[in-house]
Every structure is written in structure tokens, then in C-alpha cells.
There are 2 protein chains.
Amino acid sequence: MLKLSTKGQYGVRAMFEIARRHPGEPVAIKEIAARQDVSVAYLEQILNTLRKSGLIASVRGPGGGYLLSRQPEEISIGEILRSLDGPIALTACQDPMEGCVRADGCVTSLLWKALGEKIEGFLDAMTLRDLLTGNSIKQKQKDLYGHKYASGEAQKAGQQMFFEKTGKAGA
Amino acid sequence: MLKLSTKGQYGVRAMFEIARRHPGEPVAIKEIAARQDVSVAYLEQILNTLRKSGLIASVRGPGGGYLLSRQPEEISIGEILRSLDGPIALTACQDPMEGCVRADGCVTSLLWKALGEKIEGFLDAMTLRDLLTGNSIKQKQKDLYGHKYASGEAQKAGQQMFFEKTGKAGA
DNA sequence: ATAATACTCTACTAATATTGTCAAGTATTT
DNA sequence: AAATACTTGACAATATTAGTAGAGTATTAT
């Protein structure tokens, strides 16, 4: 249950490949595709979406390829996934326009909402920089555990917020 | 993205209905189905699975129905969902028998692993009792934020663990 | 006994979303 | 002008989910 789409996974991996080279020469689709065993055609779709979302820029012609539009610490995993797969919506009730009319609706609805916000908070707090530093996740865990924040805008969605209140923490 | 199956959602709601009556008379499928606008046949599948997992017991004959096998505080949402939808596996790489051979594999793999453990921790810490008390989620958040634990076995998977180390926290 | 109530089991189908391919075209640089 | 690389949109294959159907088994009240 709760599977992440391959599109989202490939997208993150592709962004990671591009970030590796940052700042520097554009990264060609062919190169990314080779490193990940994904077809060029499929990757084109994915990168095209990411470009339209403003996360990457493309350079045409020989020697062309893709570049990050922002610094790695300014691009969160959450942004990448939302760009490709749309917003996190664990249940239909999370959609604004769908009322939860049943008696217990509010209870379970609150549950899913809290979980969704928790997940979003995690994904928004994690950036490409964290992936690049390699010790990223472990280190970040330490930082957060010790109430020290990493750099970048992602801190505003930091894990400290998860349990502060219902209905405000997520992005 | 990251949708929860309706099966899992219905299952949690059904368990909630049964828990409401606990301890007391068995709850008939027909009643649960009526309260949730789900077909009896579909609910039968779901309850049957939950029964085989040992979360509920059934009583046959007139006046029969379903009962909780344990106390509400001893049944976590995570158990219910795992029973119905299998283990949380955000990516294929989370499956033990699938190697991550690529260069960056370890980095993204760690990311998904950390997220998965975070989700499981949340779901395992939340019990039917929390749903029953109604103020459950808000209150629980306060408790956890203030380092006070609620009763029940769920505390061992409490949110404090999420960032302690990689690869050990989840259930 | 037997009828009513309620759970059990398995197979199957319909709908939906994901995943990925294909082909033709457009832009840029050497 | 040729090579390289990105762009676009339609489409097909596959997998999963969601839900139905129907025949059967067990239990209890009368």
C-alpha cells in the first residue's frame, strides 16, 4: 500500500543526476536515461513536466541538456513529486469539495489529514542538497533531533511542526 | 499521489464502528454497511480478512456479528491497514530481495526508507482508542509534543523514534 | 426439525490509473 | 546543412483496485 509512482521516483533520480553536475554543463537526457535504465522517451515526458514547473531549464543544441533552475537546497523532494504526481491526497475526503457527512467522518478524516501533513512536511523539508551531501538523511535526522535546522527554505516545513496543531503544518 | 486504498479506509471505518460498541453486543455487517454506504459483499471480504488477522472475532447466528479481539488501545491503525493492503512499500527497492545496484541508489533508497518508517510509526502509534476518544488526534499530538505517552503498546513505535536512526525505527 | 439470521468462500468482471512506446516535428549550434 | 537535442501529443499495454455475484456453511430461536 501507499506506493509511490515510478514517475515520481524517476523524477527524483533524474533531478539528482542533474543536481550532481550543478553548477556546470547541462546534463543530456541520454545520459540520465543510461544511468537509470529508463527509456529516453519516458524521461522526456518527466523532464518536460519538471521544466514546465520551473524546477529545471533546458538548453538546446549539441552540448545541450538540463540544468537546475535553483540551488539544490532550494528544491525540495516534495516539489518534485507534486509536480509529477499532483498533490498528496490520501483519501477522497481530503479534496476540498467533498463533504464528509457521516457521523464518524470527522474522526477518520482528521487522521488522514494529519498523516498527509506529516508526509508533506517530511518531503518538503528534504532537498536535493540533502541527497547530494550523501550523509544527508542521517545528518538531517540528527540536526532535527537536536533542534538545529539545515539551510534552505525547507526549514519552514520542518519536522518540529508535525504535531503542533492540526490543519496547519502541511504545505 | 500516495493514495490510500478504499479497502483500507473502509476497514478502518468498520473497525471504528465495531469499537464504538465495545465492549457489548456483536455488530452485524448489515449495520456497518448501512452506516458507511458500502455493499455488504465488499465488507464481508474486508471483515473476513481482519478476522483472519486476529483483529476481530465473529459470532454467528441471530444477534451475531463482529467483536474486537483486543482492547481498542491495543489495535493500531497500522495493523488494520497492513492486514488489508499488505506492508507499506513506497518503492520496489524497499522489498528485501531487490537490490539497488545503481550509483545513487543508496541515497534515494534511504530517503524512501526514512519516509516509510515515518509513516509506519505514525500509523502504529495511532489506535482505535485514539479514534474513539474523539479529541484523539489533537490530544495525542499534544501528548507527544510534550513527551507524554498515551497508554497501550503503540507507544513503542512513537514519533520520538522517527529521527533517531535510519533503518531501525519502523515496525 | 426447520426457518431465519448471519457469516464464509471463491471466482469473476468492470473501471481506472499507471507505465511506457511511437512517431513526427522543432530548435540550436558547429 | 548536418548533427545533436529537446517538444509534443496520441496511443497501447499492463497492473491494480474496486466491487459484484452466487452458492454454501454455521448457529440459534421457536
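All values below come from the heavy atoms of this structure, side chains included, with hydrogens, waters and symmetry mates left out.
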For nucleotides 26-30 of chain C, list the nitrogen or oxygen atoms of the protein found under 3.5 Å from its nitrogen or oxygen atoms, one pair per line.
unit_1 : atom_1 : unit_2  : atom_2 : d
C:dA27 : O4'    : A:Arg60 : NH1    : 2.4

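Checked by atom type and distance alone, the side chain of B:Ser76 never pairs as donor or acceptor with a backbone atom of B:Met126 at under 3.5 Å. With hydrogens and angles disregarded, no donor-acceptor distance shorter than 3.5 Å links the side chain of B:Ser83 to the backbone of B:Glu79. Of the possible polar contacts, none joining the A:Arg82 side chain to the A:Gly86 backbone as a donor-acceptor pair under 3.5 Å is found. At distances below 3.5 Å, at least one donor-acceptor pair connects side-chain atoms of B:Gln9 with backbone N or O atoms of B:Leu4.
Put simply, B:Val12 and B:Leu67 are part of two different groups of oily side chains (I, L, V, M, F, W, Y) that touch within less than 4.5 Å, one to the next.
Set against C:dT8, C:dA17, D:dT20, the side chain of B:Asn48 has C:dT8 as its closest nucleotide. Distances were taken from every side-chain heavy atom of B:Tyr10 (C-beta onward) to each of D:dT8, D:dG19, C:dT21; the shortest belongs to D:dG19.
Remark: B:Thr6 is in phosphate contact with D:dG19, judged by side-chain N or O atoms under 4.0 Å from OP1 or OP2. The phosphate of C:dC7 (OP1 or OP2) has no side-chain N or O of B:Ser58 nearer than 4.0 angstrom.
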side-chain contact (heavy atoms from CB on, under 4.5 Å) between A:Trp112 and B:Ile77: does it pass, once the steps are laid out? CA-CA 11 Å; A:Trp112 306 134; B:Ile77 307 302; 4.1 Å; yes
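Contact of the B:Arg35 side chain with the B:Arg13 side chain is not registered, since no non-hydrogen atoms from C-beta on lie closer than 4.5 Å.
Each of A:Val40 and B:Lys52 lies near DNA chain C, and the nucleotide nearest B:Lys52 is the one positioned closer to the 5' end. Both A:Glu44 and A:Leu4 lie near DNA chain C, and the one whose nearest nucleotide falls closer to the 5' end is A:Leu4. Comparing B:Lys3 and A:Ala41 by the nucleotide of DNA chain D that holds the closest heavy atom to each, the one mapping nearer the 5' end is A:Ala41.
Exactly one residue among A:Ile119, A:Asp85, A:Leu115, A:Leu81 makes a side-chain contact (heavy atoms from CB on, under 4.5 Å) with B:Leu2. That residue is A:Ile119.
The base of D:dT20 is paired with the side chain of B:Gln45 by a donor and an acceptor separated by under 3.5 Å.
Considering every non-hydrogen atom in both B:Gly116 and B:Leu90, the closest pair reads N-CD1, 3.6 Å.
A heavy-atom distance below 4.0 Å to DNA chain C is reached by none of the residues of residues 21-33 of chain A.
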